[in-house]
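Every number for a ligand or one of its atoms is a count from 1 in the order of the listing.
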Amino acid sequence: MSFRLPTVRASVDAVRAEEATDALLIVGAFTSDKKLALTPSAADVNVALNHALTRHFARGSFTGSLGTSLLFDESENFPGGVAVLGLGEIADFNAEAFKILLEKAAATFGPWAKEIAFTADEWLPGDMAEKDVAQLFATTLLNALSQRVTLKTSDIDEMETEKVLWLNDEISEDAVAGLAQGRQCADAMVTMRYLADLPCNVCTPQFLADFVSETAQSINGLDVEIFDEKKIAALGMGAFLSVAQGSVVPPRFIVMRWQGGEKDASPIALVGKGITFDAGGISLKPAADMADMIYDMSGAASVIGTVLAAARAGLKKNVLGVVAACENLPSGSAAKPGDVVTSLAGKTIEILNTDCEGRMVLADALAWTALEKPAVMLDMATLTGAVCVALGDPYSGLFTSDSSLAEELVAIGKRTLDEVWPMPVGPAYKKLMRSNVADIANQATTRNGGASSAAAFLSVFTGDVRWAHLDIAATANVGGRDRHSTGRPASLLTTFLIEF
Ligand code: BES
Ligand code: MN
Ligand code: ZN
């Protein structure tokens with residue numbers, strides 16, 4: 001099977017209008033109480049085009065509602081052509097509308113326009129900082145302009161845009177920094193989406209390991225270590241191995257070390273659940289929508305995407321990326337409900353439900369990472385159906401007892417529109433994980449509070465490291481026939497690495 005690695009192809013730069021003459025100029029028009037309310041650039045365009053905009057609006061051929069557009073041919077005034085984007089009612093415009101609009105613009109102009117130039121800083125109300133607007137602009141456009149991986153052999157949609165321009169008369173340091181951060185976010189998201197969208201017969205643990213090793217070869221300062229099943233066993237990762245043992249496809253433990261900071265500075269650690277397929281094991285899942293479980297390695301994909309993007313951007317911090325990858329299948333060699341295994345941390349775990357495999361692989365991955373003494377440790381996992389019930393897809397579930405860490409992640413989530421919502425974790429939930437035969441059970445005594453009891457289980461294996469857990473079961477991908485990776489939470493993580 002042949003497929004192409006999608007990458008962020010387009011560049012993004014801040015320039016003054018006179019430097020963007022080849023580009024398709026894109027200006028915005030609001031409505032206010034259903035009357036046309038032109039932004040300054042749109043007003044200029046209207047005058048230059050003999051009030052064509054006003055006429056289209058009066059006639060109803062341009063309504064100005066969010067995401068609609070009107071395209072004018074190349075002319076002397078606009079050698080690259082000009083398009084007017086409907087921004088919708090001015091009172092309703094906010095960061096979310098901005099994002100939807102840019103996605104529409106990418107879908108409309110991306111398939112044919114080589115260069116697109118936006119006067120986007122005129123659009124947002126003053127409550128968002130220019131840097132954040134610029135970051136969101138670059139993240140959204142570059143992500144939307146990047147191809148999705150496809151195994152189709154025909155009818156492949158191509159994107160043509162090579163240059164995205166942020167137009168402004170005055171180019172601020174904030175805008176330039178925001179665009180660069182946004183580019184790094186999109187880079188992380190595109191890699192994440194690529195890995196997550198690949199089916200599990202292609203994207204095996206070994207595939208992930210090879211991808212990371214091969215990509216790292218061209219990045220100076222990024223070291224990769226791959227542990228095979230022998231090494232994993234020798235280290236004593238009995239919880240991880242209990243999941244992997246049901247499949248003939250061997251597990252891989254992937255360690256990425258980016259040394260962009262001071263030699264001895266403790267790294268920021270990102271740990272990802274990498275179940276390349278979750279059939280549930282002996283506690284088999286129902287058939288309906290089981291294919292969605294190729295996304296059970298989204299946590300791992302977010303870690304790999306984020307660390308590679310940080311390394312490619314030359315981030316001046318130390319980062320440790322850790323991924324535990326395997327399949328969770330039923331077979332004659334699979335772990336059974338009632339089995340007891342010993343984890344890397346030395347604690348024994350009673351397996352009551354083999355479909356609670358994410359917490360098993362993370363128990364060992366977190367314990368291993370904690371021994372590296374990171375400054376902070378975040379884990380990302382499509383861990384529970386319960387978090388989908390609780391929050392749906394507006395927010396990833398955030399579990400931590402560290403309130404300043406929670407505050408920082410919530411704030412970054414708001415600015416990147418990759419939002420998280422704090423959920424409880426603590427002794428009241430840990431109690432639910434009791435076992436009569438082992439130190440802890442892998443399933444709670446009740447389904448209620450399932451996302452928090454899963455997080456409480458993880459907390460047992462984090463040592464004394466500052467730690468937060470993101471349950472991305474509802475946010476990482478869209479399910480069903482239109483299933484695809486969203487790239488979340490890669491832009492949250494990327495921004496966290498930059499700002500922590
Ligand atoms: N990977 C699943 C969680 C999941 C469910 C992700 C739906 C995305 C969509 C996880 O391994 C799992 O099976 N969790 C079980 C735990 C339960 C048996 C306590 C679940 O949530 O059903
Ligand atoms: Mn499962
Ligand atoms: Zn799972």
Subject >> Top protein contact for atom 19 (C) of ligand 1, by heavy-atom distance >> reply: C356 SG, 3.5 Å
**OP:** Look at E357 and state whether any of its N, O or S atoms is less than 2.8 Å from the Mn ion (ligand 2).
**Re:** yes
Original post:
Would T348 and T342 count as having a side-chain donor-acceptor pair, cut-off 3.5 Å?
Top reply: no
Original post:
Do the charged groups of E158 and R4 touch, with an N to O distance under 4.0 Å?
Top reply: yes
Original post:
Closer than 2.8 Å to the Zn ion (ligand 3), do we get an N, O or S atom from E357, backbone or side chain?
Top reply: yes
Original post:
Can you tell which part of M297 has a heavy atom less than 4.0 Å from ligand 1: side chain, backbone, both or neither?
Top reply: neither
Subject >> For atom 15 (C) of ligand 1, the protein heavy atom that lies nearest, with its residue and separation >> reply: D355 O, 4.1 Å
**OP:** Using a cut-off of strictly less than 2.8 Å, determine whether I275 has an N/O/S atom near the Zn ion (ligand 3).
**Re:** no
Original post:
Does anything in residues 371-384 pair up under side chain to side chain donor-acceptor pair (under 3.5 Å), and if so which pairs, sequence neighbours excluded?
Top reply: R257-E372, D296-T382, D379-W467, D379-H469, T384-D471
Original post:
Below 3.5 angstrom, do we get any N/O pair linking K285 and ligand 1?
Top reply: yes
**OP:** Go through the structure and list residues passing side chain to side chain donor-acceptor pair (under 3.5 Å) with S491, not counting sequence neighbours.
**Re:** D418
Subject >> Heteroatom distance test (D278, ligand 1): nitrogen or oxygen, under 3.5 angstrom >> reply: yes
Original post:
Hey, are D187 and R312 close enough for a salt bridge, meaning a charged N less than 4.0 Å from a carboxylate O?
Top reply: yes
Original post:
Within a reach of under 6.0 Å around CG of D157, are more than 12 heavy atoms found that belong to other residues, nucleotides or ligands?
Top reply: no
Original post:
Looking at the Zn ion (ligand 3), which N/O/S atom of D278 is the nearest one?
Top reply: OD2
Original post:
How does M293 reach ligand 1, by side chain, by backbone, by both or by neither, if only non-hydrogen atoms under 4.0 Å count?
Top reply: side chain
Subject >> From the candidates T446, N442, L383, the one that places a heavy atom nearest atom 14 (N) of ligand 1 >> reply: L383
